[in-house]
Number of protein chains: 2
Amino acid sequence: MNIKRIAELAGVSVATVSRVINHPERVRDKTREHVLNVMHEYNYTPNWFAQSLNLESSKTIALLIPGIETNFFQQIISGVETVAGNKAYAVLFGQTSNLPTREAEFVDMMINRKVDGIIQVNSQLDLEKALSMQNLGLPRVHIGKNRILSNDTLCYLDIEEGALRMTRHLIELGHSSIMALLEETNSSTSEQMNSGFHRALRGAGHTVFFSSAQAENSVRGGYLTVQRLILSKSIPGALVTASDLQAIGAMKAARDAQIKIPDDMALASLTDSAVCSVLSPALTALELPSKKLGMAAARMLIDQIEGILPYVDMPHDLILQPKLKIRESCGNTQDFYEWFD
Amino acid sequence: MNIKRIAELAGVSVATVSRVINHPERVRDKTREHVLNVMHEYNYTPNWFAQSLNLESSKTIALLIPGIETNFFQQIISGVETVAGNKAYAVLFGQTSNLPTREAEFVDMMINRKVDGIIQVNSQLDLEKALSMQNLGLPRVHIGKNRILSNDTLCYLDIEEGALRMTRHLIELGHSSIMALLEETNSSTSEQMNSGFHRALRGAGHTVFFSSAQAENSVRGGYLTVQRLILSKSIPGALVTASDLQAIGAMKAARDAQIKIPDDMALASLTDSAVCSVLSPALTALELPSKKLGMAAARMLIDQIEGILPYVDMPHDLILQPKLKIRESCGNTQDFYEWFD
DNA sequence: TTCTTGGTTGAAAGCGTTCTCATTATACAT
DNA sequence: ATGTATAATGAGAACGCTTTCAACCAAGAA
C-alpha cells in the first residue's frame, strides 16, 4: 500500500494525502477526515525510507557506548531509551568496545543513516572526524568529560567531586593511608578520580599516604589486587575502588585472608549498586545518578535537534552530582550519618 | 556527494557506478578501479535511504526487549549486538516494558523501517499482529518459551530443567519444606520454574512441603518477603528465589533477624551473577548462559535473513541449558561438589 | 567481409515520498 | 452579478539510488 493508491481510493491527489500526513491544518476538515478514514481502513503508514529520503532526517538518534556490561552504561542506555521513546525517536545502538576505529566506523554508519543526532559516551573520536560531524551540523551530546571540540555539549557526573568527598570522608575518619584501585584504562573517569583524590589529600590537615593501583573492572580484578596486597603485606588503611565489582572482589579476598573490614582495612566504592547495601559489612559507596544522566543527555540532544536549544558555538554542559552513601565498610560513622543523609 | 556527481567525475554513467557498488564483477576491471578511486577520493558512500527504498531491506535487525534493567536482558542485548555487529547489521532497539501495546507499536515501526528481521524477547504480541508479520515474510526469532505461531523459531534457556535440578539438589540435601519466590508477573519464566519445581517434588522419594510467593524482582522485594515470613514465623527450610537480587534481599532480611543461612534456612537463586559467589555465605545459584542466548538468537535470525536456514513451516528451536553452581548457601555439600562441577 | 556471440555500458523508468507552484474553488465585499 | 482575496487542491519535479533493456564494441567463426 502506498500513497498513490491511497490517493486513488480517497479520490484525491497524492499531494493532498501527503498534506494530511504532514500539514493537516492545510487541508479542509471534511477532506482530511475522509483521507484519514481511507488510510486507516487500509492500515497505511508512509514508507519511512521515502520520507527520510526527502526529509534528510530519520527520527532516529544514535547512541555510541563502549559496552553494555557495566551497570553504569546500562543505566545510561535505559535513560536514553526512555526519553527518546517518549519523543518518538528510535535509538540506533553501537557498541564501540572503547575502540576508536570501531567508533569511527559507527559514526560513518550513523551519518549515512542520517540520524538526527548522536550521543557519544566516553568518546575517543579523533579531531578530524569530530570536525566533519560538526560541519555536517549533526547535533551531538557527549556523555563524559572529554570535550573534543571546543563547543561540544557535555553531560557528566562530577566524579571528581565524588572522589574528593569520599576521600575527605576517609580522612575525617582518621585514615592516614589510602589506596585507590582504578580501572585499567586511562580513561577520563580515572583522571577525574585522581584529581579528586589529590584535592582531598591537599586539603587534609595532616599528611596522608596515598597510593594507587589498576585492575580490571570485575570481581576478579578486585580480588587479585587485594590478594597481592596481602601477600606483600602492604595493606592500606583504606581502599577505594572505582567500581562496586572491584570492591566486592576486594571484600572476598579480605575475608579469605581473615582481614576484617572495616577494622583492618576500610573499603569504599566509587560506584554504588543494589548489592552494596546488603553486603556485610554494607559497602560505603558513591551513588551515581546514571539513568538520569542518560535521560538528561537524550533530552539535551532532542532539544538541539528540534531547535529548542541554540547549539552552535555555545557549550552547554550539564553536571550531575553523585551522592555519598555512608554505610558500614569504612568504620564507625555514627557521627557522620546525620551530616550526609 | 551523490552517485550522479561521482558518475560525472569518473566520466561514466550512473548505472556503472551503481554496478561497481552492487555487482563489481559485471564491470570491466579498469573501469571498476577508476570508479573506485573516484569514490574513495570524494569519500563517497551511497545514501542508505535511497538504497533501502529500492531494495526494501535495511541491513538492520530489531531487538524488542521488555527492559534493560536486569542482568539477563543486558546479556542478551550484548550478545545480539556482538553477532549483529560482526555481520554488519545495525540493531534497532525497543524497550517494551512488558506492555503488549507498546510492543505492537514497535513492531509497526520496525516493519515500516523495513528491518530485515526481528528478535522478540518474552513477546506478548497478539496473534493477529504475529500473523501479519508472518505474512510479510519477516524473519523472526523469539527469545523465550512462548510460541505464538506454530512455526515460530524459539531460543530459550531450559529454566524448567534448571529449577528441577535446583529443587532436586535441595531435596537431596534433606530439605522437606521448600518455598519459591517468583516474580510478580505471570510470565512464562515463572511457569517454567513452577513446572520444574513440581517435577522435582513428584520425583522426590518422600513428601516435601512446597509453597510459593511473589515479589518484585529487586533486593527490596526479597527483603520484604522474608521479613514477612519471619514475622509470621513460617520460615521454610529452603528458599529458592527467581533472581539474585531477591536472594540478596532475602539474605539481608535473614541477617537482620539473626536467621542463619544455611543453618536456619537454605537459600538459592535461579539466576547467577558476579556477586553471588562473593556473598557470605556464597550463594548457590543457576548460571544462565544469557549472552550466548543473545548470540544464538542473532545468528539464527541472520541465517534466516540470508536464506541459509529454511524457516517457513519449520520450527527450529535452540535450547540452552543452565548450570547449577553449588556454593555455600544451601548447607553442607561436599558430597555434591564432585557430582556437579 | 559479414555474422554471431558475449561482455560492457548508458538511458531511462521506477521506488514512495515531500514540496513548489500553478490552478481551481470558496467566501466575501462591491 | 462581478471582482478580489484567500483557502484548497493537483501536477509534476526532486530526493539518490537500482535495475531493465537496448545499444555498443571487440573478437572469433563462417
Side-chain angles (χ1 to χ4, degrees), chain A residues 1-39 42-60 88 90 108-116 136-137, chain B residues 1-39 42-60 108-116 136-137:
Chain A
M1 187 54 61
N2 59 25
I3 202 175
K4 199 173 159 196
R5 192 91 187 78
I6 293 292
E8 284 170 13
L9 290 163
V12 297
S13 76
V14 167
T16 299
V17 179
S18 176
R19 264 188 293 260
V20 169
I21 297 165
N22 300 290
H23 312 281
E25 75 285 357
R26 292 191 208 160
V27 47
R28 193 168 42 159
D29 290 15
K30 203 174 150 194
T31 321
R32 170 167 11 98
E33 226 165 286
H34 177 220
V35 172
L36 242 24
N37 280 336
V38 176
M39 281 171 58
Y42 291 86
N43 202 3
Y44 164 81
T45 43
N47 178 302
W48 179 69
F49 292 112
Q51 274 188 320
S52 304
L53 179 57
N54 274 282
L55 301 180
E56 301 266 300
S57 148
S58 59
K59 270 287 192 183
T60 307
D108 284 339
M109 178 201 207
M110 300 311 183
I111 290 175
N112 194 245
R113 296 197 172 197
K114 299 269 188 304
V115 296
D116 298 316
L136 252 49
Chain B
M1 189 52 62
N2 58 26
I3 202 176
K4 197 172 160 196
R5 193 91 187 77
I6 293 292
E8 284 169 13
L9 289 163
V12 297
S13 76
V14 167
T16 300
V17 179
S18 176
R19 264 187 293 260
V20 168
I21 296 164
N22 300 290
H23 313 281
E25 76 285 357
R26 291 191 209 160
V27 48
R28 193 166 42 155
D29 291 13
K30 204 174 148 192
T31 320
R32 171 168 9 101
E33 226 165 288
H34 177 221
V35 172
L36 242 23
N37 280 337
V38 177
M39 281 171 58
Y42 291 86
N43 202 3
Y44 164 81
T45 42
N47 178 301
W48 178 70
F49 292 112
Q51 274 188 321
S52 305
L53 180 56
N54 277 282
L55 302 180
E56 301 267 300
S57 148
S58 59
K59 269 288 191 182
T60 306
D108 284 339
M109 179 201 212
M110 301 310 183
I111 290 175
N112 194 245
R113 295 195 174 199
K114 298 271 187 303
V115 296
D116 298 316
L136 251 50

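The figures here come from the full heavy-atom set of this structure, side chains too, leaving out hydrogens, waters and symmetry mates. So that the names make sense, note that chain A is the first sequence line, chain B the second, and so on, each numbered from 1.
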Query raised in the report: On DNA chain D, which is the earliest and which the latest nucleotide, 5' to 3', with an atom closer than 4.0 Å to a heavy atom of chain B?
Result: D/dG16 to D/dT19

Report task. Grab the CG-C1' distance between B/N54 and C/dG16 for me, whole Å please. Result -> 10 Å

Report task. Would you mind reading off the distance between B/R32 atom CZ and C/dT8 atom C1', rounded to a whole angstrom? Result -> 12 Å

Report task. Kindly indicate whether the side chain of A/N2, heavy atoms from C-beta on, has any atom under 4.5 Å from the side chain of A/N47. Result -> no

Query raised in the report: Would you say A/T45 and B/D108 make side-chain contact, with heavy atoms under 4.5 Å?
Result: no

Requested in this report: Identify whether any heavy atom of A/V14 sits under 4.0 Å from a base atom; if not, whether one sits that close to sugar-phosphate; answer base, sugar-phosphate or nothing.
Outcome: base

Query raised in the report: How long is the line joining NZ of A/K30 and P of C/dA25, in whole Å?
Result: 15 Å

Query raised in the report: What's the CZ-C1' distance between B/R28 and C/dG10, to the nearest Å?
Result: 14 Å

Report task. Five pairs at each end of the helix from C/dT1-D/dA30 to C/dT30-D/dA1: take the axis at both ends and give me the angle between them to 10°. Result -> 60°

Report task. Give the nucleotide from the list C/dT18, C/dG16, C/dA12 with an atom nearest to the side chain of B/A15. Result -> C/dA12

Query raised in the report: So, does A/R19 use its side chain to make a donor-acceptor pair with the main chain of A/R26 at under 3.5 Å?
Result: no

Query raised in the report: Which part of the nucleic acid does B/S52 contact within heavy-atom distance under 4.0 Å: base, sugar-phosphate only, or nothing?
Result: nothing

Requested in this report: Using a cut-off of 6.0 Å, state whether more than 12 heavy atoms not belonging to A/E8 lie near its atom CD.
Outcome: yes

Report task. Send over the distance from B/E25 CD to C/dT9 P, rounded to a whole Å. Result -> 13 Å

Query raised in the report: So, do B/Y44 and B/V38 sit near enough that their side-chain heavy atoms are less than 4.5 Å apart?
Result: no

Requested in this report: Report yes if the side chains of A/S52 and B/W48 come closer than 4.5 Å at any heavy-atom pair, otherwise no.
Outcome: no

Query raised in the report: Which pair of non-hydrogen atoms, one from A/F49 and one from B/R113, has the smallest distance, and what is that distance?
Result: CZ-O, 3.2 Å

Query raised in the report: To the nearest Å, how far apart are B/E33 CD and C/dT8 P?
Result: 14 Å

Report summary line: Whole-Å distance, A/N47 CG to C/dG16 P, equals 7 Å

Report task. Would you mind telling me which of C/dT9, C/dC15, C/dT17 lies closest to the side-chain atoms of A/Q51? Result -> C/dT17

Query raised in the report: Any side-chain heavy-atom pair from B/R32 and B/V35 closer than 4.5 angstrom?
Result: no

Report task. May I have the distance from A/F49 (atom CZ) to C/dG16 (atom P), rounded to whole angstrom? Result -> 12 Å

**Report entry** Whichever of A/R26 and B/I3 has its nearest DNA chain D nucleotide further upstream toward 5'
**Finding:** A/R26

Query raised in the report: If you pin A/L53 and B/T16 to their nearest nucleotides in DNA chain C, which one's is more 5'?
Result: B/T16

Query - Closest to side chain of A/H23, choosing from C/dC19, C/dG10, C/dC15 - result: C/dC19

Query raised in the report: Does a side-chain heavy-atom distance below 4.5 Å link A/T60 with A/K114?
Result: no

**Report entry** Contact check, side chains of A/M109 and A/N112, non-hydrogen atoms, under 4.5 Å
**Finding:** no

